[in-house]
*Asks:* 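Submitted below is the structure of interest, expressed as structure tokens.
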There are 2 protein chains.
Amino acid sequence: MASPRRADALENRERIVAAARAAIAASDEVKLNAIAKDAGVGQGTLYRHFPTREDLLAEVYRGDVDVLVAAAPMLLADNPPVEALALWFERVADYAQIKRGVFAAVEAGVWRALSAHSIGPIGDAVSALLAAGRAEGTIRADVDARDVILLIGYLTRLDDEEWEPRARHLLGVVLDGLRTRS
Amino acid sequence: MASPRRADALENRERIVAAARAAIAASDEVKLNAIAKDAGVGQGTLYRHFPTREDLLAEVYRGDVDVLVAAAPMLLADNPPVEALALWFERVADYAQIKRGVFAAVEAGVWRALSAHSIGPIGDAVSALLAAGRAEGTIRADVDARDVILLIGYLTRLDDEEWEPRARHLLGVVLDGLRTRS
DNA sequence: ACCTGAACACCGTTCAAGT
DNA sequence: ACCTGAACACCGTTCAAGT
């Protein structure tokens, strides 16, 4: 059977993630040393499990991201592409509104970790939406997933007062920019 | 006549700004203590003149911003509004390409300092461009300067490899989103 | 009035020593 | 193998003491 040490390590890892989640929920802050202390582990242990801050954040949000990603093909199955993209934007907005503080706190670290140049799962979801619209001729052919992620990145820079008037409204503007012009 | 001390203070101020400019040019970095040292003043002196980092950066870029702002009415005088906006975007792109490192280094601090909620001079320039297009019916009526500044904020998040393929191209996408739909 | 720079605070990161 | 936490590095910011 697996050595007992392995179980220790796994449990530590989970405690670190839980502590990070709690810290973020409490104050949108991601202070690595504080998280290690909350988790009851040494700082070095945190670094062993998560070499970079983004590694930790990616783990914290993995589940949420999975949901967002899984939504794309489902929306595409039931809607025309542009509509699916619009609805997916809605979900992104809902999610970003809740997690906005985090995004700001980590300086787009999450987006970078989840999208980056290698695109990642979020990028795959966007790619699928774009491809469907492109095939249909309703989404312009000269944009890719990274373009869309860059354009909607303003969501991370909205504070509370600005959210309501601008977040969804600007997603509509972006969507219009992505459409083919009649 | 003014006390000699005043001259000292003014000269210090200028040396700080010059040191900041040099530091940014050399490495895109804005380390306050290092700038104070380069300028040959104590850290406290830097803080006396520029209470916040943004105060310092705003001063460093004041001239550049003035040029960008002044261009808006000139472009409007010679071009239809949408064209003027497109050309102004070009200038923003040119400027952002050179200063991009700075923007990234200060985490959108410059934009925030120069635009913020109070909008600022850049916001006024954008407002003029939007108003002209709105009057003509070619720019949608439901966007304001802050919206545009948020949308083009992705420029601060592009690195060197991404600049060429995406910067100008995405400005075109944004512009299409701002147009009224036919 | 204005300036200096030591000192403090804070956070990230490493690594020698332990188990 | 894995963990601990002291120690180091780095920067921003303040403030008592000087001129």
Side-chain angles (χ1 to χ4, degrees), chain A residues 1-24 26-60 101-102 104-110 112-113, chain B residues 1-24 26-60 101-102 104-110 112-113:
Chain A
M1 58 199 91
S3 93
R5 270 303 185 194
R6 292 279 164 96
D8 271 34
L10 253 178
E11 206 207 322
N12 275 339
R13 188 188 169 88
E14 272 170 38
R15 273 220 306 277
I16 291 168
V17 174
R21 211 186 301 273
I24 289 165
S27 68
D28 284 349
E29 284 193 313
V30 186
K31 295 180 191 173
L32 267 12
N33 284 1
I35 288 169
K37 196 177 175 189
D38 289 354
V41 303
Q43 305 100 291
T45 304
L46 189 152
Y47 277 87
R48 163 176 285 266
H49 286 290
F50 304 102
T52 76
R53 160 189 236 94
E54 275 72 30
D55 289 329
L56 175 56
L57 291 167
E59 181 65 26
V60 170
V102 185
V106 298
E107 308 297 348
V110 176
R112 208 173 293 149
Chain B
M1 59 199 88
S3 92
R5 271 303 185 194
R6 291 280 163 96
D8 271 34
L10 253 178
E11 206 206 321
N12 275 338
R13 188 187 170 88
E14 272 170 39
R15 274 220 305 276
I16 291 167
V17 174
R21 212 186 301 272
I24 288 165
S27 67
D28 284 348
E29 284 193 313
V30 187
K31 294 181 191 174
L32 267 12
N33 284 1
I35 288 169
K37 195 176 177 189
D38 288 353
V41 304
Q43 305 99 291
T45 304
L46 189 152
Y47 278 86
R48 163 176 284 268
H49 286 289
F50 304 102
T52 76
R53 159 190 238 94
E54 273 73 30
D55 289 328
L56 175 55
L57 291 168
E59 181 65 27
V60 170
V102 185
V106 298
E107 308 297 348
V110 174
R112 207 173 294 150

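Chain identifiers are assigned alphabetically (A, B, ...) following the order of the sequence lines, protein sequences preceding nucleic acid strands; residue numbering begins at 1 within each chain. Side-chain atoms are counted along with the backbone in the values below, which use heavy atoms only and exclude waters and symmetry mates.
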*Asks:* Let's test your reading of the pairing rules: Watson-Crick or G-U wobble, both distances under 3.5 Å, then write DNA chain C as a dot-bracket string with ( ), [ ], | and dots.
*Replies:* ||.|||||...|||||.||
*Asks:* Ignoring the backbone of A/Arg53, work out which of C/dT4, C/dC2, C/dG12 is nearest its side chain.
*Replies:*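 Nearest nucleotide to the side chain: C/dG12.
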*Asks:* Of the listed nucleotides (C/dT4, D/dC11, D/dG12), which one gets closest to any side-chain atom of B/Lys31?
*Replies:*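 From the listed options, D/dC11 comes nearest.
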*Asks:* Once you round it to whole Å, what is the distance between P of D/dT14 and CG of B/Asn33?
*Replies:* 12 Å
*Asks:* How many angstroms lie between atom CZ of B/Arg53 and atom CG of B/Leu46, to the nearest 0.5 angstrom?
*Replies:*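 Result: 10.0 Å between the selected atoms.
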*Asks:* Distance check needed: D/dG12 P versus B/Leu57 CG, whole Å only.
*Replies:* 11 Å
*Asks:* Expressed in angstrom and rounded to an integer, what is the separation of A/Arg13 atom CZ from D/dA1 atom P?
*Replies:*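 Taking CZ of A/Arg13 and P of D/dA1, I get 19 Å after rounding.
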*Asks:* With a 4.5 Å limit on heavy-atom distance, are the side chains of B/Leu32 and B/Tyr47 in contact?
*Replies:* yes
*Asks:* Check whether any side-chain heavy atom of A/Asp38 lies under 4.5 Å from a side-chain heavy atom of A/Ile16, and answer yes or no.
*Replies:* no
*Asks:* Look up atom OG1 in B/Thr45 and atom CZ in B/Arg15, then write down how far apart they are to the nearest 0.5 Å.
*Replies:* 10.0 Å
*Asks:* To the nearest 0.5 angstrom, please state how far the CZ atom of A/Arg48 sits from the CD atom of A/Gln43.
*Replies:* 14.5 Å
*Asks:* Look at the side-chain N and O atoms of A/His49 and state whether any lies under 4.0 Å from the OP1 or OP2 oxygen of D/dC3.
*Replies:*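 Checking A/His49 against D/dC3: at least one side-chain N or O falls below 4.0 Å of OP1 or OP2.
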*Asks:* If you pin B/Asn12 and A/Gln43 to their nearest nucleotides in DNA chain C, which one's is more 5'?
*Replies:* B/Asn12
*Asks:* Nearest-Å distance, CZ (A/Arg48) to P (C/dT13)?
*Replies:* 17 Å
*Asks:* Could you state the CG-P distance from B/Asp55 to D/dG12, rounded to the nearest angstrom?
*Replies:*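 Atom CG in B/Asp55 sits about 15 Å away from atom P in D/dG12.
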*Asks:* Whole-Å distance between D/dC3 C1' and A/Glu14 CD?
*Replies:* 17 Å
*Asks:* Want to settle it: does B/Leu32 or A/Gly40 sit nearer the 5' end of DNA chain D, counting the closest nucleotide to each?
*Replies:*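 Taking each residue's closest nucleotide, the earlier one in sequence belongs to A/Gly40.
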*Asks:* Could you give the OH-to-C1' distance, from B/Tyr47 to C/dA9, as a whole number of Å?
*Replies:* 12 Å
*Asks:* Which pair of heavy atoms, one from B/Gly42 and one from B/Ala36, lies closest together, and at what distance?
*Replies:*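 Looks like O-CB, 3.9 Å.
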*Asks:* Report yes if some heavy atom in the side chain of B/Asp55 is under 4.5 Å from a heavy atom in the side chain of B/Glu59; otherwise report no.
*Replies:* no
*Asks:* If I take atom CG in residue B/Leu56 and atom C1' in nucleotide D/dG12, what distance separates them, rounded to the nearest angstrom?
*Replies:*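 B/Leu56 atom CG is separated from D/dG12 atom C1' by 13 Å.
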